[in-house]
Number of protein chains: 2
Amino acid sequence: MRALRHPKAEEIELTRVLYALSDPLRLDIVRQLDREGEATCAALDCGRPKSSMSHHFRVLRDAGVIRTRTDGTAHMNGLRRAELDRLFPGLLEIVLAQAAAKIQ
Amino acid sequence: MRALRHPKAEEIELTRVLYALSDPLRLDIVRQLDREGEATCAALDCGRPKSSMSHHFRVLRDAGVIRTRTDGTAHMNGLRRAELDRLFPGLLEIVLAQAAAKIQ
DNA sequence: TCTGTAGTTCGATAATAATCGAACAAACGA
DNA sequence: TCGTTTGTTCGATTATTATCGAACTACAGA
């Protein structure tokens with residue numbers, strides 16, 4: 001597939017990260033990626049059509065929250081944990097601790 | 001003035017807080033409130049008309065980030081630091097450390 | 001009571017974002 | 001090479017949010 005854009009670590013903006021994390025569905029994606037390490041888009045079915053899921057992955061990717069690598073026909077997504085922890089120490093931890101809550 | 005709604009501590013939702021903080025102007029308000037302890041809306045002039053400022057204060061208030069108390073004709077705004085620190089330990093600190101950046 | 005001050009609310013408009021079906025693209029296996 | 005799988009991108013629609021002037025409300029002081 002075409003190359004997916006990822007911001008460099010120094011290009012990651014706090015406001016964009018906060019925005020990306022301010023949606024319950026995206027927060028759920030982040031929580032699942034934290035538990036499972038890496039996952040394909042399809043593996044994290046949130047009951048939405050794939051175009052909607054793709055959109056949310058894109059928001060997370062553009063914000064610098066996740067990194068997507070191509071593996072055959074699949075896209076493996078993982079949190080950019082080390083980079084985020086360095087830029088905003090503690091943020092992911094806070095968010096993941098809470099994210100276990102509900103998702104409608 | 002009429003009573004302003006404030007969510008109870010246990011009603012504060014992480015996603016709403018993150019959303020409220022995901023705007024550069026609101027982040028700037030939060031940063032100023034942190035430095036100055038408490039401030040009126042007018043004191044934090046961000047170059048917007050007061051109706052716009054009022055809107056952003058409302059978003060912060062509705063999310064549970066700030067508390068507004070009436071003092072004569074003025075509204076004193078302050079961070080709900082203790083409650084936020086208890087609910088999301090470290091979040092404000094992270095956000096304030098970064099918020100010193102730019103605001104367009 | 002009249003006036004000024006401080007901020008909210010209303011109403012309209014513009015800008016952003018979410019949603020989802022459909023078309024498309026890339027890689028793989030048969 | 002032909003289908004299958006996996007996800008992206010397009011396009012249109014809807015929903016949410018920001019913006020700002022104008023009207024409004026409440027309080028305080030002269």
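Order of the sequence lines fixes the chain letters, A, B, ..., with proteins taken first and strands second; residue numbering starts at 1 for each chain. What's counted below: heavy atoms across the whole structure, side chains too, no hydrogens, waters or symmetry copies.
Summarising the geometry of B:L91 relative to A:L91, their closest heavy-atom pair is CD1-CD1, 3.8 Å, with the distance given to 0.1 Å. Residues A:D28 and A:C46 come closest through the heavy atom pair OD2-SG, 4.1 Å. The shortest non-hydrogen separation linking B:F88 to A:I94 is CB-CG2, 3.9 Å.
Atom P of nucleotide C:dG21 and atom CE of A:M53 are separated by 14 Å, given to the nearest angstrom. Per the geometry, CG belonging to B:L27 stands 14 Å off P belonging to D:dA18, to the nearest Å. Across the protein-nucleic acid pair, B:R5 atom CZ and C:dT8 atom C1' stand 14 Å apart, rounded to whole Å. Residue B:N77 contributes atom CG, which lies 10 Å from atom C1' of C:dG7 at whole-angstrom precision. Rounding to whole angstrom units, NE2 of residue B:H56 and P of D:dA18 are separated by 6 Å. Separating the CE atom of B:M76 from the P atom of C:dG7 is a distance of 9 Å, rounded to the nearest angstrom. Put simply, CZ on A:R58 is 12 Å from P on C:dA18, counting in whole angstrom units. One can place CZ of B:R48 at 10 Å from C1' of D:dA18, the figure rounded to the nearest angstrom.
Applying the 4.0 Å criterion to OP1 and OP2 of C:dT19, one finds that A:H55 has every side-chain N and O outside that range. In this model, the phosphate group of D:dA18 is approached by a side-chain N or O of B:Y19 to a distance below 4.0 Å at OP1 or OP2. Side-chain N/O atoms of A:S54 include one lying less than 4.0 angstrom from OP1 or OP2 on D:dT8. Contact annotation: A:R61 side-chain N/O to D:dT8 OP1/OP2 distance is under 4.0 Å. Look at A:S52 and you'll find a side-chain N or O under 4.0 angstrom from OP1 or OP2 of C:dC20. In this structure, B:R26 reaches the D:dA18 phosphate: one of its side-chain N or O atoms is under 4.0 Å from OP1 or OP2.
A donor-acceptor contact shorter than 3.5 Å links the side chain of B:N77 to the backbone of B:A39.
Candidate nucleotides D:dT8, C:dA26, C:dA6 were compared by shortest atom distance to the side chain of A:H75, and D:dT8 ranks first. Listed candidates were C:dG7, D:dT8, C:dC28. Nearest to the side chain of A:T73 is C:dC28. Of the candidates D:dT6, D:dC27, D:dT9, D:dT9 carries the atom nearest the A:S51 side chain, counting heavy atoms from C-beta on. Which of D:dT8, C:dA6, C:dT19 sits closest to the side chain of B:A74 comes down to C:dA6. When distances run from any side-chain atom of B:P49 to the nucleotides C:dG4, D:dG21, C:dG7, the shortest one goes to D:dG21.
At a threshold of 4.0 Å, the pair B:R16-B:E13 does not count as salt-bridged, since none of the basic side-chain nitrogens sits closer than that to a carboxylate oxygen.
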